[in-house]
Enquirer: 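Sharing a structure, written as structure tokens. Questions coming.
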Protein chains: 2
Amino acid sequence: MGLTKTEEFTKTQNDLASLAKAIGHPARIAILQFLIKTKSCVCGDIVDELPLSQSTVSQHLSELKKAGLIKGEIDGPSVCYCIDEKAWGKAKKVIGELFDSYTGQNCC
Amino acid sequence: MGLTKTEEFTKTQNDLASLAKAIGHPARIAILQFLIKTKSCVCGDIVDELPLSQSTVSQHLSELKKAGLIKGEIDGPSVCYCIDEKAWGKAKKVIGELFDSYTGQNCC
DNA sequence: AACATTTATCGTAATATTACGATAAATAGC
DNA sequence: GCTATTTATCGTAATATTACGATAAATGTT
């Protein structure tokens with residue numbers, strides 16, 4: 001016990017859950033918002049912006065990257081993180097479809 | 001350590017994260033999809049549908065309720081769970097806004 | 001080559017999550 | 001009032017997450 005029974009659910013359900021989970025932390029929301037609004041995507045700038053240590057921010061970045069929402073490009077000694085446009089669009093679509101599938105009809 | 005520094009982030013960021021977190025589990029996705037598609041919202045029917053024990057399903061339902069996405073109405077000895085239309089619409093809007101705020105412009 | 005800067009990874013600790021069985025609580029029917 | 005049915009809660013165990021400091025790795029600069 002203690003581990004999600006991934007294999008019992010469909011790929012779609014697992015993919016959707018993974019995406020939502022990646023977004024499911026205020027620090028990662030803050031990182032995404034920062035990447036969207038600013039011109040600077042350098043990791044160090046994100047660390048300066050957030051009230052978290054460098055290693056913690058790096059971990060959050062790594063999870064966002066694992067979920068595919070962002071990508072990192074090495075730029076000298078630093079790394080430039082950006083929204084992965086294609087994956088972002090797909091996530092938007094998949095999550096949007098879940099919300100749209102409810103048409104407002106309840107049985108009770 | 002080990003606990004999220006909620007107070008360091010904005011209410012919007014925390015609310016968004018809470019919503020995403022609630023959706024961030026395949027079982028809860030499955031529950032939501034089931035509630036949306038079926039006419040039956042009785043807890044027992046959800047338990048029959050999912051590959052999880054009754055107590056685990058009840059826990060997931062409780063989290064979805066805590067997040068405000070569903071509501072439960074007592075119907076005799078059983079409970080009828082339904083999507084909370086108002087909260088669903090709000091969640092859809094808030095999450096949609098996050099995705100829409102990215103217009104496809106990266107710095108790198 | 002030595003050094004500074006930047007980021008990732010490791011090790012660790014605390015808390016949270018997931019899951020289950022067992023039990024309790026509430027209602028319906030006899 | 002007893003019994004069956006349905007759901008919530010409690011107790012517990014295993015794994016995951018969050019966070020930090022310390023250290024390693026990689027690059028640029030002197």
Side-chain angles (χ1 to χ4, degrees), chain A residues 1-9 13-14 17-31 34-35 40-67 70-82 108, chain B residues 1-9 13-14 17-31 34-35 40-67 70-82 108:
Chain A
M1 305 116 204
L3 81 172
T4 299
K5 290 182 147 186
T6 309
E7 70 286 357
E8 303 275 11
F9 299 97
Q13 287 166 340
N14 280 306
S18 291
L19 273 174
K21 199 174 178 182
I23 303 177
H25 193 285
R28 293 196 286 272
I29 296 274
I31 289 173
F34 182 76
L35 287 183
S40 163
C41 310
V42 180
C43 174
D45 292 341
I46 304 173
V47 173
D48 292 342
E49 185 77 5
L50 296 197
L52 298 171
S53 75
Q54 181 267 324
S55 59
T56 301
V57 171
S58 187
Q59 258 183 73
H60 282 303
L61 285 168
S62 152
E63 283 191 55
L64 286 172
K65 207 162 72 177
K66 201 182 70 188
I70 65 173
K71 57 185 175 182
E73 241 172 71
I74 294 167
D75 176 28
S78 54
V79 177
C80 182
Y81 283 103
C82 282
C108 45
Chain B
M1 304 118 205
L3 81 170
T4 299
K5 291 181 147 185
T6 309
E7 71 284 357
E8 303 275 10
F9 299 98
Q13 287 167 339
N14 280 306
S18 291
L19 273 174
K21 198 174 180 184
I23 303 178
H25 192 287
R28 292 195 287 271
I29 296 274
I31 289 173
F34 182 77
L35 287 182
S40 164
C41 311
V42 180
C43 174
D45 292 341
I46 303 173
V47 172
D48 291 344
E49 185 78 4
L50 295 198
L52 297 172
S53 76
Q54 181 267 322
S55 59
T56 302
V57 172
S58 188
Q59 258 184 75
H60 282 303
L61 284 168
S62 151
E63 282 191 54
L64 286 171
K65 207 162 70 176
K66 200 182 70 187
I70 65 173
K71 57 185 174 182
E73 242 172 69
I74 295 169
D75 176 29
S78 52
V79 177
C80 182
Y81 281 104
C82 283
C108 47

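Throughout, protein chains are lettered first and strands after them, A, B, ... in sequence-line order, and every chain is numbered starting at 1.
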Enquirer: Looking only at non-hydrogen atoms, find the nearest pair between Cys41(A) and Ile46(A) and report the distance.
Expert: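 Looking at all heavy atoms of both residues, the closest pair is O-CD1, 4.2 Å.
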Enquirer: Can you check the Glu7(A) CD to dA19(C) C1' distance for me, whole Å?
Expert: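 So the two atoms are 12 Å apart, to the nearest Å.
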Enquirer: Please work out whether the ring planes of Phe9(B) and His25(A) are parallel, tilted or perpendicular, with thresholds of 30° and 60°.
Expert: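 Because their plane-to-plane angle is over 60°, the rings of Phe9(B) and His25(A) count as perpendicular.
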Enquirer: CD of Gln54(A) versus P of dA22(D): gap in Å, rounded?
Expert: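 Rounded to the whole Å, the gap is 13 Å.
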Enquirer: Please tell me if His60(A) has a side-chain N or O lying less than 4.0 Å from either OP1 or OP2 of dA8(C).
Expert: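 His60(A) to dA8(C) OP1/OP2: no side-chain N or O under 4.0 Å.
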Enquirer: Could you tell me the separation between the CD atom of Glu73(A) and the C1' atom of dT27(D), rounded to a whole number of Å?
Expert: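 Spelled out: CD on Glu73(A) to C1' on dT27(D) is 16 Å.
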Enquirer: Whole angstroms only, please: what is the CD1-P distance between Ile70(B) and dT7(D)?
Expert: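 It works out to 13 Å between those atoms.
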Enquirer: Nearest to the side chain of Thr4(A) - dT18(C), dA8(D), dT7(C)?
Expert: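 My answer, after comparing the listed nucleotides, is dT18(C).
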Enquirer: Please find the pair of heavy atoms, one from Gly76(A) and one from Ile74(A), that lie closest to each other, and give the distance.
Expert: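 Taking every non-hydrogen atom into account, O-CG2, 3.5 Å.
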Enquirer: Nearest heavy atom decides the nucleotide; on that basis, is Tyr81(A) or Lys5(A) closer to the 5' end of DNA chain C?
Expert: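 Its nearest nucleotide being more 5', the pick is Tyr81(A).
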Enquirer: Considering non-hydrogen atoms only, spot the tightest contact between Tyr81(A) and Leu35(A) and give its length.
Expert: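 Closest heavy-atom pair between Tyr81(A) and Leu35(A): O-CD2, 3.3 Å.
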Enquirer: Rounded to the nearest 0.5 Å, how far apart are OG1 of Thr4(B) and CG of Leu52(A)?
Expert: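 Between Thr4(B) OG1 and Leu52(A) CG, I get 9.5 Å after rounding to 0.5 Å.
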Enquirer: Name the residue closer to the 5' end of DNA chain D, choosing between Pro77(A) and Glu63(A) according to the nucleotide with the nearest heavy atom.
Expert: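 Nearer the 5' end of the strand: Glu63(A).
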Enquirer: Is the shortest side-chain N/O distance from Ser55(A) to OP1 or OP2 of dG21(D) below 4.0 Å?
Expert: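 Result: no.
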Enquirer: Counting just side-chain N and O atoms, does Lys21(A) come under 4.0 Å of either OP1 or OP2 of dA16(D)?
Expert: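 Looking at the OP1 and OP2 atoms of dA16(D), neither is under 4.0 Å from any side-chain N or O of Lys21(A).
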Enquirer: Ignoring hydrogens and angles, tell me if any N or O in the side chain of Ser18(A) forms a donor-acceptor pair with the backbone of Asn14(A) under 3.5 Å.
Expert: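 Pair found, side chain donor or acceptor close to backbone of Asn14(A).
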Enquirer: Rounded to whole Å, please give me the gap between CD in Glu8(B) and C1' in dC20(D).
Expert: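 Taking CD of Glu8(B) and C1' of dC20(D), I get 14 Å after rounding.
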Enquirer: Whether the side chain of Gln59(A) and the base of dA8(C) hold a donor-acceptor pair under 3.5 Å is what I'd like checked.
Expert: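 Not at all, since no donor on one side and acceptor on the other fall under 3.5 Å apart.
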Enquirer: Answer with base, sugar-phosphate or nothing: what part of the nucleic acid does Ser58(B) contact at a heavy-atom distance below 4.0 Å?
Expert: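 Since a base atom lies under 4.0 Å of Ser58(B), the category is base.
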Enquirer: Under 4.0 Å between a side-chain N or O of Ser53(A) and OP1 or OP2 of dC20(D)?
Expert: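 It does, given that an N or O in the side chain of Ser53(A) lies less than 4.0 Å from OP1 or OP2 of dC20(D).
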Enquirer: Rounded to the nearest Å, what distance is computed from the CG atom of residue Leu61(A) to the C1' atom of nucleotide dA8(C)?
Expert: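 Result: 11 Å.
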Enquirer: On DNA chain D, check which nucleotide each of Gly44(B) and Pro51(A) is closest to and give me the residue with the more 5' one.
Expert: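 Looking at DNA chain D, the more 5' nearest nucleotide goes with Gly44(B).
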Enquirer: Applying a 4.0 Å non-hydrogen cut-off, can you work out what Val47(B) is touching in the nucleic acid: base, sugar-phosphate, or nothing?
Expert: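 Counting heavy atoms under 4.0 Å across all strands, no contact is made by Val47(B).
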Enquirer: What's Leu52(A) touching, base or sugar-phosphate or nothing? Going by heavy atoms closer than 4.0 Å.
Expert: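 The residue Leu52(A) makes sugar-phosphate contact but no base contact.
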Enquirer: Using the side-chain heavy atoms of Ser78(B), tell me which of these nucleotides is nearest: dA8(D), dT6(C), dT6(D).
Expert: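 Closest nucleotide to the Ser78(B) side chain: dT6(D).
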Enquirer: In whole Å, I'd like the distance from the CG atom of Asn14(B) to the P atom of dT18(D).
Expert: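 Taking atom P of dT18(D) as the reference, CG of Asn14(B) is at 13 Å.
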Enquirer: Does the side chain of His25(A) get closer than 4.0 angstrom to OP1 or OP2 of dA19(D) through an N or O atom?
Expert: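 True: His25(A) side-chain N/O within range (under 4.0 Å) of dA19(D) OP1/OP2.
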Enquirer: Rounded to whole Å, how long is the line connecting atom CD1 of Ile74(A) with atom C1' of dG28(D)?
Expert: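 My rounded result for the distance is 14 Å.
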Enquirer: Has Thr56(B) got a side-chain N or O lying under 4.0 Å from the OP1 or OP2 atom of dT18(C)?
Expert: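 Checking dT18(C) against Thr56(B), no side-chain N or O comes under 4.0 Å of OP1 or OP2.
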